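Predicted model only: the values in this text are computed from it and were never measured. Any value given below was found using the heavy atoms of this structure, including those in side chains, with hydrogens, waters and symmetry copies removed. In the text below, chain A, chain B and the rest are named by the order of the sequence lines, each starting its count at 1.
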Amino acid sequence: MIKVLFFAQIRDQLATSELRMPSSENHNIEMLLSNLKARDSHWQTVLSKTNLLVAVNQTISNENSALQSGDEVAFFPPVTGG
Amino acid sequence: MIKVLFFAQIRDQLATSELRMPSSENHNIEMLLSNLKARDSHWQTVLSKTNLLVAVNQTISNENSALQSGDEVAFFPPVTGG
Amino acid sequence: MIKVQTTDFNLQAEHDKLREKSSVGAVVTFSGLVRDINQGKEVSSLTLEHYPGMTEKSLTKIVEQAKSRWNIIDCTVIHRIGELKLSDQIVFVGIASLHRQDAFAACEFIMDYLKTEAPFWKKESTTDNESYWVDAREGDLKALNKWSK
Amino acid sequence: MIKVQTTDFNLQAEHDKLREKSSVGAVVTFSGLVRDINQGKEVSSLTLEHYPGMTEKSLTKIVEQAKSRWNIIDCTVIHRIGELKLSDQIVFVGIASLHRQDAFAACEFIMDYLKTEAPFWKKESTTDNESYWVDAREGDLKALNKWSK
């Protein structure tokens with residue numbers, strides 16, 4: 001399984017902070033995103049934002065990053081701390 | 001009269017922190033320096049250092065600065081505060 | 001030392017830890033505060049969310065990068081999370097070094113990277129009870145350019 | 001606020017004065033400390049002399065120059081005089097501004113000019129009771145170059 005986290009606006013808009021996805025159907029971030037967007041048109045819209053950031057195992061990654069069972073993926077907007 | 005002050009190494013080396021010079025014989029810094037150097041060979045040496053700084057009425061000045069009665073002149077080495 | 005905490009911090013106490021080594025000649029600190037006006041709105045309070053685990057990891061990486069570029073004797077980064085009021089201290093970066101140039105550069109570098117890479121998000125509440133997520137500032141991304149020179 | 005004093009200062013107290021205005025979003029502070037090794041010698045204490053009157057005048061001028069170049073909400077400069085021990089705080093410069101870039105630049109600018117224009121002189125005493133006036137650092141004069149760009 002792959003653990004998927006959402007933060008800030010993305011979590012609010014999806015009303016979801018965490019879910020699990022099967023690793024067998026999500027070999028990389030691109031596949032995972034495409035499966036998440038397929039849930040419904042709202043998920044499609046929220047996860048299509050151009051400034052969406054993704055981290056794999058707590059390190060900033062991109063669409064090509066490979067995934068395997070046990071990985072933690074997080075989607076979030078540009079950071080605004082400090 | 002012109003009030004002349006010495007600070008830090010310059011004061012220590014001249015063993016003088018303050019003296020007065022007649023304004024009539026010291027129309028600018030160049031004349032004042034030359035009159036002070038004329039005191040003896042030690043004053044000549046100490047006041048000939050290339051990095052000697054001079055302030056007139058508490059503002060950094062140079063050899064050409066004009067002087068008049070009541071002015072405060074200070075000689076000191078490069079500053080080392082902070 | 002890197003800390004993510006809800007509690008406030010004291011500058012003199014943090015400064016005293018930074019100057020413990022007697023070789024320290026310069027300490028530069030940055031502190032970020034909750035401002036009254038942001039994005040044209042009157043702010044009354046702020047909630048700071050973060051991504052536990054990744055926060056510490058990214059701050060550690062930023063501090064390591066700074067240490068590889070400048071001569072740093074000691075470094076402290078504190079970032080608060082949770083609810084904060086107007087003028088509250090949000091973030092502290094303190095750098096101790098032999099000379100001031102290293103401390104100034106490293107402190108500004110860490111803040112520039114923290115602002116764009118550390119996973120914190122601000123939600124502001126206004127005086128008329130509106131609440132919204134703060135947008136990232138364009139200027140913060142541009143600020144990174146000076147470090148690639 | 002500009003102060004020349006024998007007494008110590010507290011960073012948090014100075015910081016709290018700087019953040020009194022609720023528009024302040026960033027505070028950068030610099031503090032200079034008595035270092036254990038200077039010019040290759042083991043320092044045990046330091047005596048700071050200054051030129052009363054000219055000190056305040058030159059610090060006021062430096063702060064005014066900074067205020068004309070950057071957006072500064074508030075600024076504090078404190079310089080201690082007299083006898084200081086190892087690790088003692090010598091100087092404090094604190095800048096409050098809307099955004100961090102102004103605060104970093106103004107703080108470094110003031111320190112660079114203070115180091116070369118404000119009439120303070122340090123006399124150091126070593127652990128073997130030698131005592132000498134500190135030489136001006138070449139690097140401090142060079143540091144001014146970046147502000148004329």
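- When each of C:L33, C:L48, C:V134, C:L114 is scored by its heavy-atom pairs under 4.5 Å with chain A, the top score falls to C:V134.
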For chain A and chain C, what donor-acceptor pairs lie under 3.5 Å, backbone included?
unit_1 : atom_1 : unit_2 : atom_2 : d
A:A8   : N      : C:E49  : OE2    : 3.1
A:R11  : NH1    : C:E49  : OE1    : 3.0
A:R11  : NH1    : C:E49  : OE2    : 2.5
A:R11  : NH2    : C:E49  : OE1    : 2.8
A:D12  : OD2    : C:K123 : NZ     : 3.1
A:D12  : OD2    : C:W133 : NE1    : 2.8
A:N57  : O      : C:K57  : NZ     : 2.8
A:E72  : OE2    : C:Y51  : OH     : 2.4
A:P77  : O      : C:W121 : NE1    : 3.0
A:T80  : N      : C:F120 : O      : 2.8
A:T80  : OG1    : C:K122 : N      : 2.9
A:G81  : N      : C:F120 : O      : 3.3
A:G82  : N      : C:H79  : NE2    : 2.8
A:G82  : O      : C:K122 : NZ     : 2.7

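- Along residues 20-48 of chain A, no residue comes nearer than 4.5 angstrom to chain C, judged on non-hydrogen atoms.
- Heavy atoms only, all atoms of each residue included: A:V79 and C:A136 are closest at O-CB, 4.0 Å.
- Residue contact with chain C, scored on non-hydrogen atoms closer than 4.5 Å, is absent for A:L53.
- Contact of A:A55 with chain C is made through the side chain alone, with heavy-atom distances under 4.5 Å.
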